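In the text below, chain A, chain B and the rest are named by the order of the sequence lines, each starting its count at 1. A quick note: this is a predicted structure, and the numbers were derived from the prediction, not measured.
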2 protein chains.
Amino acid sequence: MDVYNTIRNNIIQGKYQPGMRLTEENLAQELSLSRTPIREAINQLKSEGLIVPLKRGVSVRDFSKEDIRQIYDLRTLLEGYSAAQAALHRTEEDLLKIRSAYNLYEDAIDTYVKNDFSHIIKIVEMNQQFHEAIINASKNEHIHFHISKVVVVPIVFRSFYWYSEEKLRRSLDYHKIILEAIINQDTERARIAMHEHIFQGRDQVLLHFHELKTMKE
Amino acid sequence: MDVYNTIRNNIIQGKYQPGMRLTEENLAQELSLSRTPIREAINQLKSEGLIVPLKRGVSVRDFSKEDIRQIYDLRTLLEGYSAAQAALHRTEEDLLKIRSAYNLYEDAIDTYVKNDFSHIIKIVEMNQQFHEAIINASKNEHIHFHISKVVVVPIVFRSFYWYSEEKLRRSLDYHKIILEAIINQDTERARIAMHEHIFQGRDQVLLHFHELKTMKE
DNA sequence: TCTTATATCTTTGTATACAATAAATCAACA
DNA sequence: TGTTGATTTATTGTATACAAAGATATAAGA
């Protein structure tokens, strides 16, 4: 894995906690590299908003509840649009991929509820894959480019640990509604279902905001 | 001006033409700097999509009509939303700034049509300032963060050279409608007017696409 | 002449050294 | 003791050197 992803993962997985100060030299020593490649990774993370510049060094960004609201508003807007566009432009190949992602998500949930709690990671991945497939089907390269740059809030990844079986099933239901709307080329239904689905995720994060922040993974 | 903005301006102003290959060494010599700061600027421009990686070096991105359509779709979505949010959340101070930007845009157009054609630059600036003021009033820091990163298409800057007086007046009319909708907190009117306004800009760019591409500024 | 292997040249990626600057420490003085 | 100025230290910004990887040119053999 490259330097950028190494540092990014350390932030997302809570190894580098919010507010923690990072310097080029420290990171370089930790990763046994020179400052040059570290600088490049830091610059990228800065431009993505995951770390904020300090007078000296940088610090891991500490997101507030208001940040979560704003970021989810944005995500709702962009992904709602991409679902609508996917309903409009999807090919048979797109449908195959979306359906496959849907099934894998269902499998992951089934395995999880059968007491294999390690499968939560798989659930996160398969959920992402479903959303990815829809963004691809929307045939707007630039929306894709943008959503991929929407600020990643570390705690969102951890929020899945607080999903009950019931909530996971409801999440799956939404995937189904979205999938069917895209099949039927019902743009507005796709958009609205995607909106509700993303707001469901937002509510989950906001509800457990404080536990998520202190959680060390 | 820093390295990033120097290179960016050279691309926007057509000094580095679409498809042109740039290498770190060349740029370093041209700007009398070492490769290190050049690399940082290039990385940023790459992540913004203004230049694309080559096997060796990078090349200035050549945008297609389809790119223009997709980017404007995105801009419509984001700025339409920000106009609606501005209508909802604007303070008196926001209104003052938006109104002031509106007036300056009107002044710039007036000066321009009185045969001072050099004022086209001012028109571009004042138009941007109006949009900025609305984004600020929308009170979503993250939308702001994003719109500022929406891919800048070089030729959009030049498209103003093809605006007739009538089209400029129509653009101003839209600003007025948007301003009033925000004053009256009419979210949907603000959103729709912003949509139409941005599509007007898109049509202008698409209409003159070929002239704009060969134009050297 | 055409193909393939070798050498050469270009260009990027990484390490390191040094310069510039801001922060922290310490000392001198009121 | 508290305040100011000088000194040291920490950290970033820039330059340069060298290693690694690709591309291009060259030469040898079929």
Side-chain angles (χ1 to χ4, degrees), chain A residues 1-63 141 145 148-149 151-152 154, chain B residues 1-63 141 145 148-149 151-152 154:
Chain A
M1 193 162 40
D2 62 11
V3 189
Y4 163 76
N5 279 298
T6 305
I7 299 176
R8 188 171 179 275
N9 279 357
N10 284 344
I11 294 173
I12 289 169
Q13 292 174 12
K15 180 168 174 191
Y16 304 150
Q17 293 268 312
M20 180 173 173
R21 177 162 172 263
L22 303 172
T23 63
E24 297 175 3
E25 194 61 52
N26 292 156
L27 288 168
Q29 291 202 332
E30 188 180 334
L31 308 182
S32 310
L33 281 167
S34 76
R35 279 174 49 217
T36 315
I38 303 286
R39 276 178 78 81
E40 303 210 338
I42 284 186
N43 281 336
Q44 202 173 335
L45 292 162
K46 242 189 272 184
S47 81
E48 288 169 5
L50 252 165
I51 58 182
V52 291
L54 252 41
K55 286 147 275 191
R56 238 76 193 292
V58 294
S59 78
V60 177
R61 177 152 186 183
D62 190 7
F63 290 94
E141 192 197 326
F145 180 88
S148 72
K149 288 195 166 33
V151 181
V152 171
Chain B
M1 193 161 43
D2 62 10
V3 190
Y4 163 75
N5 279 298
T6 306
I7 299 177
R8 187 171 180 274
N9 279 356
N10 284 344
I11 293 172
I12 289 169
Q13 293 172 12
K15 181 170 173 188
Y16 305 149
Q17 294 269 311
M20 181 173 172
R21 177 163 173 263
L22 303 172
T23 64
E24 295 175 5
E25 194 60 52
N26 293 155
L27 288 169
Q29 292 203 330
E30 188 181 333
L31 308 182
S32 310
L33 281 167
S34 76
R35 276 173 51 217
T36 316
I38 303 287
R39 274 179 78 82
E40 303 209 339
I42 283 185
N43 281 337
Q44 201 172 335
L45 292 162
K46 241 190 272 184
S47 81
E48 290 169 3
L50 251 160
I51 57 181
V52 291
L54 252 41
K55 292 143 274 192
R56 236 78 188 293
V58 294
S59 78
V60 178
R61 177 153 185 184
D62 191 7
F63 290 93
E141 192 198 326
F145 181 87
S148 74
K149 287 196 166 30
V151 181
V152 171

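- Under the 4.5 Å side-chain criterion, counting only non-hydrogen atoms from C-beta, A/Ile42 is in contact with A/Leu27.
- In the region residues 27-40 of chain A, proximity to DNA chain D at under 4.0 angstrom, judged on heavy atoms, holds for A/Arg35, A/Arg39.
- Of the candidate nucleotides C/dT11, D/dT11, D/dG13, D/dG13 has the atom lying nearest to any side-chain atom of A/Glu24.
- Across all their heavy atoms, A/Glu24 and A/Ile38 have their closest contact at O-CG2, 4.1 Å.
- Look at CG on A/Asn43: it is 11 Å from P on D/dT14, rounded to the nearest Å.
- In this structure the side chain of A/Lys46 reaches within 4.5 angstrom of the side chain of A/Ile51, judged on heavy atoms.
- Between B/Thr6 and B/Glu30, every side-chain heavy-atom pair lies at or beyond the 4.5 Å cut-off.
- Among all heavy-atom pairs drawn from A/Ala41 and A/Ile7, the shortest one is CB-CD1, 4.1 Å.
- Put simply, CD1 on A/Ile51 is 11 Å from P on D/dT12, counting in whole angstrom units.
- Atom CD1 in B/Ile42 sits roughly 7 Å away from atom P in C/dT12 (whole-Å rounding).
- Atom P of nucleotide D/dA17 and atom CD of B/Glu25 are separated by 12 Å, given to the nearest angstrom.
- For the helix from C/dT1-D/dA30 to C/dA30-D/dT1, the axis fitted to the five pairs at one end and the axis fitted to the five pairs at the other end meet at an angle of 10° (nearest 10 degrees).
- Side-chain contact between B/Asn43 and A/Asn43 is absent, with no heavy atoms from C-beta onward closer than 4.5 Å.
- Atom NZ in A/Lys46 sits about 9 Å away from atom C1' in D/dT12, given to the nearest Å.
- Here the P atom of nucleotide D/dT12 and the CG atom of A/Leu54 are 10 Å apart, to the nearest Å.
- Between A/Leu50 and A/Arg8 the shortest side-chain heavy-atom distance falls below 4.5 Å.
- A distance-only check finds no donor-acceptor pair linking the side chain of A/Gln13 to the backbone of A/Asn10 [under 3.5 Å].
- Contact check for A/Gln44 versus A/Glu40: no side-chain heavy atoms found under the 4.5 Å cut-off.
- Toward the 5' end of DNA chain D, the nearer of the two residues B/Arg56 and A/Gly57, judged by each one's closest nucleotide, is A/Gly57.
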